[in-house]
Enquirer: 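I am attaching a structure below and will ask some questions about it afterwards.
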Amino acid sequence: MTEQMIGDYHVVGNEIHDTAAPSGPIEKRWDERKFSAKLVNPANRRKLHVIIVGTGLAGASAAATLGEAGYNVTTFCYQDSPRRAHSIAAQGGINAAKNYRNDGDSIYRLFYDTVKGGDFRARESNVYRLAQVSVNIIDQCVAQGVPFAREYGGLLDNRSFGGVQVSRTFYARGQTGQQLLIGAYQALERQIAAGTVTMNTRHEMLELIMVDGRARGVIVRDLVTGEIETHTADAVVLATGGYGNVFFLSTNAMGSNVTATWRAHRKGAYFANPCFTQIHPTCIPVSGEYQSKLTLMSESLRNDGRIWVPKKAGDTRPASEIPEDERDYYLERIYPSFGNLVPRDIASRAAKYQCDAGKGVGPGGLGVYLDFADAIERMGRDAVEAKYGNLFDMYARITGEDPYSEPMRIYPAVHYTMGGLWVDYDLQSNLTGLFVAGEANFSDHGANRLGASALMQGLADGYFVLPYTIANYLADGPFEKIADDHPAVVEAREAVEERINTFLSINGTRTVDSFHKELGQIMWDYCGMERTEEGLMKAIQLIRDLKAEFWTNVKVTGENEELNQTLERAGRVADFFELGELMCIDALDRRESCGGHFRAESQTEDGEALRDDANFAYVSAWEYSDDKPILHKEPLEYEYVEMKARSYK
Amino acid sequence: MKITVRIWRQKNAEAKGTMVSYELDEVDENMSFLEMLDVLNEKLTLEGEEPVAFDSDCREGICGSCGVVINGEAHGPEVTTTCQLHMRTFKDGDVLDIEPWRAGAFPVIKDLVVDRGAFDRIIAAGGYITAPTGSAPEANSTPVPKEDADRAFEAATCISCGACVAACPNGSAMLFTAAKVAHLGLLPQGQPERDSRVINMIEQHDAEGFGSCTNIGECTAACPKGIPLDVISRLNRDLMGALAKP
Amino acid sequence: MIKKRVPASRSTVATKYAMAVSGLIMVSYLILHMYGNLKVFAGQQKFDEYSHHIRTFGEPILPYEGLLWIIRVALVASIVVHTWAAITLWRRNRAASGYQGGKRYHTSKGARGFQRSYASFTLRWGGIIIILFVVYHLLHLTANVVAPGGASDSPYERVVNGFEIWWVTVSYTIAVLAVGLHLWHGIWSALTTLGQNYSSTRLRSRLTPLSWFVSAVITIGFLLPPWAILLGITG
């Protein structure tokens, strides 16, 4: 019965395999791939044209590296400067297997931790390569002038992050993302000045151009003039980040969107594991209807803060009036050995259960206390201030409350999306000539990402992987030039223009944001921290209904030929509807719990996630179809790391 | 609470702008300033009016996209970015004048949105260290005294928002330019290009049409990241040194 | 509107160096001048001797008034450079601040910082007052052309005759206060331009008390003689 119902939402296609990865010993695979890859004569590189969409860590580092190598690069970003991409907001740090602490770290251990942290849903070959190049990233960034934290001897400092037992995280106070991005941005600007890279800011990609089975260009909209431009090239790279904003409220930037990757998906690129989203437990809760985004506070707060809720549901007393014996330190109670330091997904889900039971605190009952009273008593206020002062300040600024005198309120929020366009070992999607880097691809984090690994992956892809693998592809070029009146170009262009005209002509009664908020609520309720078959099916129906209403009742003011932020948002939200539906379908298909994906039907007796390796050790690569999406399974095999269940009790 | 906003409305770069007044009746004190503008825009859209265009992205105070002048002060009355300013800073009945960054080198694109491309071009002129991918030596081969590293970091916290230019009565981007010169000039990796960097960046700064620094210090006072004023003096020293060389 | 790049040696920063150096030359001169003025308290003979001595200083290597002419040339050059730099930068800065319809910001709440208003007022208008005064001052006490209170060949008498008239002292006082306020920001700014500020804000800088001190000394030093004369303490 169930099978039949689930089958109603998708069809199963052929298995796919990553044919680009060499076999052989894992530590030799990347060397071998680099050796087997074709090279391009430096004199020919100028004639080879690459388009890169997105200028975050992955896009900027790839553009700078390819420009430096002599290729002809054109880049696009929707922001007013490449330096504003959302990589900039990453706080914590970047992992690298340098073993500077002499604490037993190694490439193999980073590889092992990442595969295990991803709950065995990532490819071993990719993850091993990521761990290998991690050491080069730190060298590269230091040479560029990234001001990492240092010790008194002048050498680089490290800290341990996200529950791992080695100190391999490099950091620049609370703004590692900004410092790494500025490094890549400066390298990019140098290439712009040198003329190898042409940068187009305030441009948004709205369509991919496919010619004879190859990705050959993009249609973009100049966000200032509204002009629809055609750009063709020999290869296209998408480095456009994640899709967490499908939830409306997330820690993503306001402009972060899925449009570039979704447009590519609609042109045939497989979208892999869309339901794998990471929900971060320590965000500042929603304060009202008007909330536009959520702010993350470093997870390190859980090292000294104690999480609790009132024992009695519906207790509205202020925290200070709730006596000690009426407080439930639920993480310490349920997970005595890890306590407040359980992994992100467990801490998030536990908070949700408490709030579902009516014990939540703060506006709308969506929050739990993170209490530093004990820490202040034990360490002294000064020590707490020295360690967490900037986070406390941030909290005080946003909430207007003083975290030194009353406990902070926290709640989980969507933070990162592990899913993305399917790519092979070369970071090439199933569409020839379309490469995908950074958070926009799916490859390295499996079902859950370790802390401080996102920055590592973005820079690994951009500096050290893509420049080799794309050269192998470009070695066959340059390909035949494409005229602006080529039927494929005209078709893509007209599709974009028609879509814009539709938005502007609906003239309904609801704003774009109101649709986006409603979609986000559906996703959060049914495809958030806990997913059930019933809920997902309900969500799919709700999304379909809402999408239908959107296309008949949305109100987009203004015109195309100007800076029109409402029009920009309308296009993004329209794509989020389709993505949201696919996420639910993917979550419905994956009847197991793994990493950030928790299916209520698949749990142990005491409520822990239960993975089903026998049936679901595969990557779900979805092919777009106007009717039902087609699921291509890529089986995952583990030759080096033994598949084990995790336990934090 | 009730708030009246008077906002600079300008259809496009060529159009003449003017201040337009709007009333908001239900402003929550926990709203961020930009959320208050979101609420206004929702209201305007439903009334069939053009919403107010303004830049914002991360809304965490780090991307540097947002920034407006509120009652004559860049990013408003508190030392933070506009996105981190909350309505509890204001009181019921307040009238808020909201204007774009004003500078010759930052032309208005629409309403509160300005073109800050000049900043990117200043960086492109020399705000980098030439370190081609793959050529880097082992990261710990050059120790950096912690004090230098910390000061370089302090200068590197600049988010390129442009508040310094908006606050400077001369429309000078000296704090922005000097922060980058200091960040890279304090590190051993930045030494080989130290002279050419400052020369090229200053030439670009001037070519963009920014004003000159008169050492007033309004920039530092408005800077949401507290970039210290002495970076400017440091740039002056560096340029003097660079010009003195044959 | 990106303009062509001009060499850094002609940049705004280089122009500021010129302004700073010329300004500091004039400050040095003011200190010497003030020292000379204070000789008034030593009586007519000493004052006139001093006045004569600076004209014969360095003879016979230098001709009569040789040193004085060297100083005068340096001062005129400094004034020219300082004024040229001020006008060049002022014009540029006005264009750079992006005025829209005669105003930069249209708010009536004008939260202009004290420092900003003070500095721009004293440096621009103060500078103009000072230039006008210098012209008058030279005509009066150096060239002996304008002679309130009666001309004399004795510099001491010219000084005393002039400052016994209340409005001469009052106008002189206004000019000296303008100089003092000009230097209050000017010395700090010049030293900062020459790279000598090592502090995160102006208030924390050691240059701030230094420039207050120097400008206060110069102001008081210049005001003592005329007021002493007007009040009959000396002369």
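Proteins come first, then strands; the chains are lettered A, B, ... in the order of their sequence lines, and each starts at number 1. Only this structure's heavy atoms are used, side chains among them; waters, hydrogens and symmetry mates stay out.
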Enquirer: Looking at B:Val69, B:Leu96, B:Ile202, which one has more heavy-atom pairs under 4.5 Å with chain C than the rest?
Expert: B:Val69
Enquirer: Please check if atom CZ in C:Arg55 has more than 12 non-hydrogen atoms from other residues, nucleotides or ligands closer than 6.0 Å.
Expert: yes
Enquirer: Just how far is it from atom OH of C:Tyr198 to atom CG of B:Leu229, taken to the nearest 0.5 Å?
Expert: 13.5 Å
Enquirer: Count the heavy atoms of every other residue, nucleotide or ligand shown that sit under 6.0 Å from CZ of C:Arg124, and state whether that count exceeds 12.
Expert: yes
Enquirer: Less than 3.5 Å apart, any donor N or O on the side chain of B:Asp230 or C:Ser199 sitting next to an acceptor on the other?
Expert: no
Enquirer: Under 4.5 Å between any side-chain heavy atoms of B:Met174 and C:Thr12, yes or no?
Expert: yes
Enquirer: Who wins among B:Ala242, B:Ala125, B:Pro228 for the most heavy-atom pairs under 4.5 Å with chain C?
Expert: B:Pro228
Enquirer: Output the distance between atom CG (B:Leu239) and atom NZ (C:Lys16), rounded to the nearest 0.5 Å.
Expert: 10.5 Å
Enquirer: Side chain, backbone, both or neither: which part of B:Val95 has a non-hydrogen atom closer than 4.5 Å to chain C?
Expert: both
Enquirer: Against chain C, label B:Pro77 side chain, backbone, both or neither, depending on which of its atoms sit under 4.5 Å from a heavy atom there.
Expert: neither
Enquirer: Out of B:His205, B:Glu154, B:Gln204, return the one with the most heavy atom pairs under 4.5 angstrom to chain C.
Expert: B:Gln204
Enquirer: Taking atom CZ of C:Phe57 as the centre, does the number of heavy atoms from other residues, nucleotides or ligands within less than 6.0 Å exceed 12?
Expert: no
Enquirer: Are the side chain of C:His185 and the backbone N or O of B:Thr214 linked by a donor-acceptor pair below 3.5 Å?
Expert: yes
Enquirer: Within the supplied structure, the quantity of interest is the number of heavy atoms (other residues, nucleotides, ligands) at a distance under 6.0 Å from C:Tyr99 OH; does it exceed 12?
Expert: yes
Enquirer: For C:Arg72, does the CZ atom sit with more than 12 other heavy atoms under 6.0 Å from it, leaving out its own atoms?
Expert: yes
Enquirer: Quick check: do C:Ser9 and B:Glu203 have side-chain heavy atoms less than 4.5 Å from each other?
Expert: no
Enquirer: So what's closer than 4.5 Å to chain B heavy atoms on C:Lys4: side chain, backbone, both or neither?
Expert: backbone
Enquirer: Does the C:Arg104 side chain pair with the main chain of B:Arg102, one donor and one acceptor, at a distance under 3.5 Å?
Expert: yes
Enquirer: Just wondering, are more than 12 heavy atoms of other shown residues or ligands nearer than 6.0 Å to CD in B:Glu147?
Expert: no
Enquirer: When you check the side-chain N and O atoms of C:Arg5 and B:Asn200, is any donor under 3.5 Å from an acceptor?
Expert: yes
Enquirer: With a 4.5 angstrom heavy-atom cut-off, which part of B:Trp8 approaches chain C: side chain, backbone, both or neither?
Expert: side chain
Enquirer: Return yes if some donor-acceptor pair links the side-chain N/O of C:Tyr105 with the main-chain N/O of B:Asp97 below 3.5 Å, else return no.
Expert: no
Enquirer: Measure distances from C:Leu194 to the heavy atoms of chain B and classify the residue's part below 4.5 Å as side chain, backbone, both or neither.
Expert: both
Enquirer: May I ask you to check whether B:Ser212 and C:Asn93 show a side-chain donor-acceptor distance below 3.5 Å?
Expert: yes
Enquirer: Just how far is it from atom CG of C:Asn197 to atom CZ of B:Arg237, taken to the nearest 0.5 Å?
Expert: 8.5 Å
Enquirer: Looking only at atom types and distance, does a side-chain atom of B:Ser233 sit under 3.5 Å from a main-chain N or O of C:Thr192, one as donor and one as acceptor?
Expert: yes
Enquirer: If you count heavy-atom pairs within less than 4.5 Å of chain C, which of B:Arg234, B:Arg121, B:Met19, B:Arg6 leads?
Expert: B:Arg121
Enquirer: Among C:Gly98, C:Gly195, C:Ala14, C:Ser11, which residue has the highest count of heavy-atom pairs closer than 4.5 Å to chain B?
Expert: C:Gly195
Enquirer: B:Thr220 side chain to C:Thr201 main-chain N or O, any donor-acceptor pair under 3.5 Å?
Expert: no
Enquirer: Locate the shortest heavy-atom distance separating C:Ala96 from B:Gly209; write the atom from each residue and the value.
Expert: CB-O, 3.3 Å
Enquirer: Does B:Asn236 offer a backbone N or O that forms a donor-acceptor pair with the side chain of C:Tyr17 under 3.5 Å?
Expert: yes
Enquirer: Just wondering, do B:Asp206 and C:Arg92 contact through their side chains at under 4.5 Å, heavy atoms?
Expert: yes
Enquirer: Any sub-3.5 Å donor-acceptor pair from B:Asn215's side-chain atoms to C:Ser189's backbone N or O?
Expert: yes
Enquirer: Taking atom OH of C:Tyr35 as the centre, report whether more than 12 heavy atoms of other residues, nucleotides or ligands fall under 6.0 Å from it.
Expert: no
Enquirer: Side chain, backbone, both or neither: which part of B:Ile199 has an atom under 4.5 Å from a heavy atom of chain C?
Expert: both
